[in-house]
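Reading through the structure tokens given below for one structure.
Remember, predicted model here, so these are calculated numbers, not experimental data.
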Amino acid sequence: MIPWKKLGIAQIPNNGGELQLSQRGEEFSIRLSGVRGELMNSRIYNSEQVLAELGCALIKEKSDAHVLVGGLGMGYTLAATLQAVAASAQVTVAELIPEVVEWNKGPLGDCAQNPLRDPRTKVVLGDVAELLENQHEQYDAILLDVDNGPEGLTHTDNNWLYSQRGLESISRTLRPEGMLAIWSAGADSMFAIRLKKARFKVSIHTVRARPGKGSRHTIFLAQKPWRASE
């Protein structure tokens, strides 16, 4: 058995704990210190790809589309987003932890075929919640692969993203008929209700961690109506 080799560590803001990047052969793992264990593995990324495919399905041929990806992780959501949109699109990825960006520029880059090198990619270092709350940019799609979804593990400030107020703020940053897609480690019926209260048209999809097998993850799709009254 090839042993794991530690490549780097990163502190999560606001006492969220410590991330550790490790490698074993061609496999990479990002773990959270303490009992939570592994957050991401380079062999398990099907649901992240489906998140991007579903979230961008309505804009794949739209010229100059703008997509926001919340959370870089190992780059799989970003890479799938770039594959799902046109050559004229712009994809902004917001990542809270600078070391995660550096890992994707370095040892993790080959896992998702180096999406940070794509000229359509723009990296914003910082909290995606602050980006959504404070800016006036308009997006055609917002893909949130942040923490573990509505029940976060690493960054309590992410709770705002999934609150009623947060969802209403997110809606204001979406263009009419824009899509919000959210990755979650599990189902959450109360969160679906909050999405509907924020006037989104909601559908829920169960996706396996690997094609046809592995853990079941949930993807919430929430489309903004064309008019506020709808």
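Val202 and Lys196 make their closest contact through CG2-CG, 3.7 Å (heavy atoms, listed as atom of the first residue, atom of the second, distance). Smallest separation of non-hydrogen atoms from Leu195 and Ala222: CD2-CB, 3.9 Å. Between Asn46 and Arg208 the shortest heavy-atom distance is ND2-O, 2.9 Å.
Exactly one residue among Val93, Thr77, Val91 makes a side-chain contact (heavy atoms from CB on, under 4.5 Å) with Leu82. That residue is Val91. Each of Leu167, Ile182, Asp127, Leu132 was compared with Leu161 under the side-chain contact (heavy atoms from CB on, under 4.5 Å) criterion, and only Leu132 meets it.
Between Tyr76 and Tyr45, the ring planes lie parallel to each other; the angle is under 30°, not in the 30° to 60° tilted range.
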For residues 53-68, which side-chain donor-acceptor pairs fall under 3.5 Å, sequence neighbours excluded?
from	atom 1	to	atom 2	distance (Å)
Lys62	NZ	Asp140	OD1	2.4
His66	ND1	Glu137	OE2	3.4
His66	NE2	Thr92	OG1	2.9

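With respect to the salt-bridge test (charged N to carboxylate O, under 4.0 angstrom), the residues Lys105 and Glu102 qualify.
Ile44 and Trp103 end up in different hydrophobic clusters when Ile, Leu, Val, Met, Phe, Trp and Tyr side chains are linked at under 4.5 Å.
Side-chain N/O atoms of Glu133 and Ser169 include no donor and acceptor closer than 3.5 Å. Under the 3.5 Å distance criterion, with hydrogens and angles disregarded, no donor-acceptor pair is assigned to the side chains of Ser29 and Glu27. Of the N and O atoms on the side chains of His217 and Ser215, not one donor lies less than 3.5 Å from an acceptor on the other residue.
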